[in-house]
Protein chains: 4
Amino acid sequence: MAKKARRVDLDHLKQAVDEIVARMDVIEDFGKAADHLEGLGDIETDRFAITVATVDGDLVSGGDTDVPFAIQSISKVFALTLALRAYGDEVWKRVGREPSGDPFNSIVDLERHKGIPRNPFINPGALVVCDIVLGRPKDHGGHADVRAFLEHHVGEKTLGRLKEIVTEDGKSAGYLNRAMANLAKAFDNLHHDVEAVMKLYVEQCAIELTCRQLALAGRYLMHDGIDGNGEDPDVDAKLSRRLNALMMTCGQYDGSGEFAYRVGLPAKSGVGGGILAIAPDTASIAVWSPTLDENGNSLLGTLALEQLTTRMGWSVFG
Amino acid sequence: MAKKARRVDLDHLKQAVDEIVARMDVIEDFGKAADHLEGLGDIETDRFAITVATVDGDLVSGGDTDVPFAIQSISKVFALTLALRAYGDEVWKRVGREPSGDPFNSIVDLERHKGIPRNPFINPGALVVCDIVLGRPKDHGGHADVRAFLEHHVGEKTLGRLKEIVTEDGKSAGYLNRAMANLAKAFDNLHHDVEAVMKLYVEQCAIELTCRQLALAGRYLMHDGIDGNGEDPDVDAKLSRRLNALMMTCGQYDGSGEFAYRVGLPAKSGVGGGILAIAPDTASIAVWSPTLDENGNSLLGTLALEQLTTRMGWSVFG
Amino acid sequence: MAKKARRVDLDHLKQAVDEIVARMDVIEDFGKAADHLEGLGDIETDRFAITVATVDGDLVSGGDTDVPFAIQSISKVFALTLALRAYGDEVWKRVGREPSGDPFNSIVDLERHKGIPRNPFINPGALVVCDIVLGRPKDHGGHADVRAFLEHHVGEKTLGRLKEIVTEDGKSAGYLNRAMANLAKAFDNLHHDVEAVMKLYVEQCAIELTCRQLALAGRYLMHDGIDGNGEDPDVDAKLSRRLNALMMTCGQYDGSGEFAYRVGLPAKSGVGGGILAIAPDTASIAVWSPTLDENGNSLLGTLALEQLTTRMGWSVFG
Amino acid sequence: MAKKARRVDLDHLKQAVDEIVARMDVIEDFGKAADHLEGLGDIETDRFAITVATVDGDLVSGGDTDVPFAIQSISKVFALTLALRAYGDEVWKRVGREPSGDPFNSIVDLERHKGIPRNPFINPGALVVCDIVLGRPKDHGGHADVRAFLEHHVGEKTLGRLKEIVTEDGKSAGYLNRAMANLAKAFDNLHHDVEAVMKLYVEQCAIELTCRQLALAGRYLMHDGIDGNGEDPDVDAKLSRRLNALMMTCGQYDGSGEFAYRVGLPAKSGVGGGILAIAPDTASIAVWSPTLDENGNSLLGTLALEQLTTRMGWSVFG
């Protein structure tokens with residue numbers, strides 16, 4: 001255990017997780033699934049899972065913790081990690097670090113800021129990040145892509161893939177992303193072919209993880225040299241501190257302010273119902289429940305994180 | 001000559017055109033060429049041409065009246081004519097009729113109005129009109145496309161084509177149009193493939209006409225049965241009255257208000273430096289001069305039309 | 001009768017007006033009154049009036065032609081006339097001439113264009129015009145205000161005034177106008193006190209005219225020296241030509257494009273249900289009917305003008 | 001010392017502060033003063049002060065720590081505290097909790113969201129909060145206003161006041177705020193007179209504190225019952241946790257994302273050059289230096305906080 005890590009009371013944590021799972025079992029029918037993502041098929045809206053990976057190496061889980069789900073926008077954190085490891089703060093010449101004040105799929109900001117997306121977690125920002133990842137030199141030494149990165153951090157080679165993603169191509173969300181990619185390209189902020197960038201983007205969104213796998217994957221964001229994978233711990237600490245800052249201000253789309261207010265942890269959500277939240281120096285937390293709120297964040301997942309952070313005193317705001 | 005046509009004093013008109021051409025010869029260096037249209041190559045910024053086709057069938061010309069230029073956005077009037085002839089006011093379910101208040105290439109309005117372009121003369125509106133033209137039934141009986149329409153109205157089969165337009169495809173303007181087409185498609189207001197619509201759009205923009213040909217092509221917009229091509233004159237009169245209204249309020253991009261204020265005629269400009277202006281029941285006027293003002297309209301062309309309309313008393317506003 | 005005036009077939013006109021009035025009598029319940037203008041009280045939604053003042057000096061009327069109504073935004077045309085007579089094109093340094101693409105009461109454009117309203121007929125533009133009128137030198141020789149201007153042009157000293165306008169002060173519309181006046185002042189484009197400008201603005205909006213009076217007031221906009229009031233006819237012709245251009249592109253709020261398409265005359269509407277329309281060189285037309293469409297323009301008034309212009313062939317678009 | 005408080009290594013802190021002050025002494029000329037705030041007069045751009053109030057009750061200071069400066073927008077945190085103590089989450093019915101993505105003085109968002117400001121730290125949000133504070137019942141039992149609140153928390157009755165603030169009234173910023181207040185009132189989200197709300201707003205912005213006083217005033221935001229002023233510690237902890245969340249996501253105007261990225265503490269800046277930053281459970285930190293960056297935040301103040309948080313390991317992000 002490293003110098004800044006806060007020891008976690010494991011019994012307290014297990015009790016908290018058990019109670020949260022029990023409470024979620026009796027909550028149903030909390031909204032609507034992400035019906036704009038046609039590839040998701042029928043969804044049982046009452047499923048719930050949680051896994052907490054502590055700084056001490058313990059795993060505490062509850063619910064449908066072995067059901068895989070598409071990580072969707074959570075992949076944007078991992079793609080940004082690849083870009084920052086390769087180029088550092090050079091990345092910020094092509095994408096901003098400010099909350100957008102507009103929905104995640106808004107094209108307005110991109111035009112107003114002349115092709116520079118407001119942050120790497122709205123769709124146009126993620127597309128530019130994918131373009132940066134594609135542009136790394138052949139011998140960059142990093143992971144080939146988000147899938148390779150995740151296989152390394154989870155420690156498994158058999159990560160799943162959303163089957164129906166191929167059909168998403170012909171649907172509304174695909175065209176909207178293509179519109180944003182073309183607009184970025186019109187401003188000379190996309191260097192590869194639109195379709196090549198789209199392919200990388202769709203591929204990483206389609207990766208399926210279980211809650212257990214996602215919590216393992218997020219351990220490096222506790223930034224205390226936890227992952228033991230040989231990266232430079234000092235570089236890594238600084239990197240994850242910055243990633244956490246971005247997740248705090250921009251990670252929950254247009255609901256980031258409310259999420260910070262209620263939960264108080266840096267986190268990134270995906271429309272597949274997953275959320276990865278980080279208690280710095282303490283824990284990597286993954287929750288999953290498919291029903292989304294009006295901002296596109298998991299309804300039960302957010303509620304569970306609010307309860308967990310209150311129970312454990314893990315809010316970064318005291 | 002039809003019932004509403006106003007007889008034109010031909011000597012007066014010839015004198016006015018001669019004086020305007022003489023004046024334009026001494027005006028040079030009035031701005032910058034449309035350097036965002038890479039296909040246009042080097043431009044001699046002091047070229048000028050004018051042709052007036054009167055309701056009586058006379059043609060009065062001056063300047064470089066046989067130099068072909070790409071009609072670019074002027075083609076939007078002809079494409080809209082094809083759409084309105086096929087579907088009438090049904091067209092307005094998919095595109096609006098209001099000035100946009102934003103530059104011609106703005107994507108903001110398109111998002112704000114959920115995929116319905118503000119009018120058929122901004123780029124997203126023209127793309128939707130192309131999509132409508134593509135969707136006409138096989139046996140619609142109208143002209144196959146804008147080129148066929150123009151061949152018919154000009155009475156020639158040898159209209160030119162901008163050679164370098166193929167290269168425009170890879171440039172900024174092409175990506176911006178693709179962004180708008182994809183955004184319209186995301187809102188389900190584009191029914192054909194983006195590339196098929198883009199192809200039709202680029203093809204019609206690349207048509208080259210001389211001033212003489214353009215003035216001939218615009219005669220049907222005087223709407224007095226002038227073209228003698230067998231269309232129903234009543235339908236045609238109503239149609240051209242409406243096209244003139246649209247050209248008046250939306251025809252000069254974000255400079256339509258100033259154009260109406262100074263010139264007082266319905267008109268449509270193109271970034272190739274051409275303008276087609278209509279004096280209802282009186283004349284079809286084509287001007288060309290490549291240097292553009294800050295709104296993308298021909299600088300000398302606008303000035304010439306202002307002088308012509310003042311000299312001839314042709315402003316529709318009295 | 002002046003040189004450009006078009007003789008009007010008076011019998012044809014009388015027949016057209018009679019038929020329009022008869023048709024309006026059977027149309028009812030066409031929408032909702034301007035319920036955001038609390039001062040207007042209960043409105044009988046089926047009232048209708050029309051007066052046409054021809055270039056030959058004839059008056060043809062029908063319906064409730066002696067019922068006074070508040071001219072509201074129609075006053076913006078007269079206020080702009082005062083400003084243009086005093087300062088000419090200098091006015092355009094402080095207000096634009098382009099359609100706004102946003103509702104009449106939008107504050108967005110004013111911020112985007114740094115305190116320069118898009119045109120003189122949206123509310124912020126009218127407030128800046130009032131500020132210009134207030135700033136005329138003591139000895140400017142023009143009319144003191146819109147009321148004096150109208151008394152002169154109507155030839156009566158007993159024009160009415162909307163009684164309840166004092167209460168409007170405390171209502172939503174008043175605060176919105178104050179917001180826009182303060183924003184213009186923040187950009188240094190309002191030189192007098194906000195309340196002084198507001199007072200002039202509210203006073204001119206509250207002037208009550210009958211249809212007959214409004215048609216008389218608008219005669220100077222036919223610009224053929226009709227009003228016989230000693231102004232320089234050449235200056236006046238140029239001025240009214242320009243005012244007509246502005247009314248055509250910007251006169252019906254966010255419905256200007258559709259109005260041009262359907263009616264084809266320059267016109268200005270007010271939320272009191274009045275519309276002043278000009279057939280250049282031909283006629284000054286006033287209609288009134290209190291029920292408004294979704295853009296804030298008189299529903300029956302617009303319909304009547306569409307029928308009149310079709311019957312008489314008065315569309316400026318042929 | 002309360003249960004969650006983190007003990008601070010005082011020697012380490014003193015050394016860090018000394019080094020930061022020494023470094024700031026050699027940095028000069030870092031930008032431009034807030035020249036849009038005319039009341040501020042001539043500014044010596046190289047002044048710098050810092051005070052850290054630890055959870056243990058220690059005070060560590062350096063630089064011009066006894067020079068008073070206007071707290072300006074930092075007062076928005078204290079006004080919000082008064083509102084939340086009186087009404088709790090009811091406050092969020094009238095103001096949002098999301099970053100705005102637009103500059104602090106933008107009026108666009110206010111119109112788009114129909115009079116509901118995006119958050120309480122942009123100007124329209126602060127005006128609505130002042131309106132809420134004004135509306136508290138006579139016997140609410142809380143502090144009369146921000147001045148009384150600060151006198152209580154600082155423990156002094158002689159807080160200063162910016163002298164020239166009366167002149168700000170007639171300047172650009174005053175009109176802009178009046179525009180926003182009137183717009184909120186047009187949407188019925190301001191219940192008191194605009195001038196009454198403006199007066200409260202201007203008064204609280206004009207309060208002058210030294211760095212020492214500001215650090216003392218911020219202690220309650222460490223939320224560990226530090227202030228010893230008899231408020232309910234549980235309520236207070238929850239309150240300050242939420243205030244910290246808001247400061248993190250919205251506290252530095254349009255530079256909040258970058259501030260979180262670089263500094264990693266919840267904080268609120270003012271155009272007077274002050275910043276109040278909170279290390280939860282650990283320290284209340286005040287810095288002051290008048291030169292501002294392009295987002296309106298203290299240039300040297302931000303730099304100092306970045307160095308302090310790095311040295312002390314106080315970033316909430318690990």
Side-chain angles (χ1 to χ4, degrees), chain A residues 2-6 55 89 92 96-102 106 108-109 112-113 118-119 122 221-224 236-238 240-266 278-282 295 309-310 313 315-318, chain D residues 2-6 55 89 92 96-102 106 108-109 112-113 118-119 122 221-224 236-238 240-266 278-282 295 309-310 313 315-318:
Chain A
K3 58 185 186 312
K4 287 187 63 184
R6 303 194 219 177
V55 73
D89 280 354
W92 308 120
R97 282 173 291 184
E98 296 302 323
S100 80
D102 285 299
S106 173
V108 172
D109 269 337
R112 189 165 50 171
H113 295 284
R118 290 287 279 173
N119 66 63
I122 54 174
L221 292 162
M222 291 189 275
H223 68 74
D224 214 1
D236 225 43
K238 198 173 172 188
S240 53
R241 193 180 304 137
R242 294 182 164 188
L243 288 164
N244 285 332
L246 283 160
M247 288 195 284
M248 178 63 86
T249 53
C250 316
Q252 312 294 301
Y253 309 123
D254 212 22
S256 298
E258 188 185 345
F259 189 91
Y261 188 86
R262 287 174 53 194
V263 176
L265 293 183
I278 303 299
D281 299 315
T282 309
N295 287 314
T309 202
T310 302
S315 166
V316 302
F317 300 122
Chain D
K3 58 184 186 315
K4 288 186 58 184
R6 302 196 220 175
V55 73
D89 280 354
W92 307 120
R97 283 174 291 185
E98 295 303 322
S100 79
D102 285 300
S106 173
V108 171
D109 268 338
R112 189 165 49 173
H113 295 285
R118 288 288 279 171
N119 67 64
I122 54 173
L221 292 162
M222 290 188 277
H223 72 70
D224 212 3
D236 225 43
K238 197 172 174 189
S240 52
R241 192 180 304 137
R242 293 182 165 190
L243 287 163
N244 285 335
L246 283 160
M247 287 195 284
M248 179 64 85
T249 52
C250 315
Q252 313 293 300
Y253 309 124
D254 211 22
S256 298
E258 188 185 346
F259 190 91
Y261 187 86
R262 287 173 51 194
V263 177
L265 293 182
I278 303 300
D281 300 315
T282 309
N295 287 314
T309 203
T310 302
S315 165
V316 302
F317 299 121

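Numbers restart at 1 for each chain; the letters A, B, ... are given by sequence-line order, proteins then strands. Because the structure is predicted, anything quoted here is derived from the model rather than measured.
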Ranked by heavy-atom pairs below 4.5 Å to chain A, first place among D:P266, D:G96, D:G264, D:S256 goes to D:S256
Those residues that, when tested against D:Y261, pass ring pair (Phe, Tyr, Trp, His ring centres under 6.0 Å) (two or more places apart): A:W92
One option among D:C250, D:P99, D:A279 has the most heavy-atom pairs under 4.5 Å with chain A, and it is D:P99
Could you check whether any side-chain heavy atom of D:D281 comes within less than 4.5 Å of a side-chain heavy atom of D:V55, counting everything from C-beta outward? no
Please name all residues satisfying salt bridge (charged side-chain N to carboxylate O under 4.0 Å, His left out) with D:R242, sequence neighbours left out, ordered by chain then number. D:D89
Side-chain contact test, heavy atoms from C-beta onward, threshold under 4.5 Å: evaluate it for A:V263 versus A:Q252 and give yes or no. no
Most contact-rich option vs chain A, by heavy-atom pairs under 4.5 angstrom, among D:R262, D:R97, D:E258, D:M247, is D:R97
Could you have a look at A:N119, A:V316, A:L246 and say which one has the most heavy-atom pairs with chain D under 4.5 angstrom? A:V316
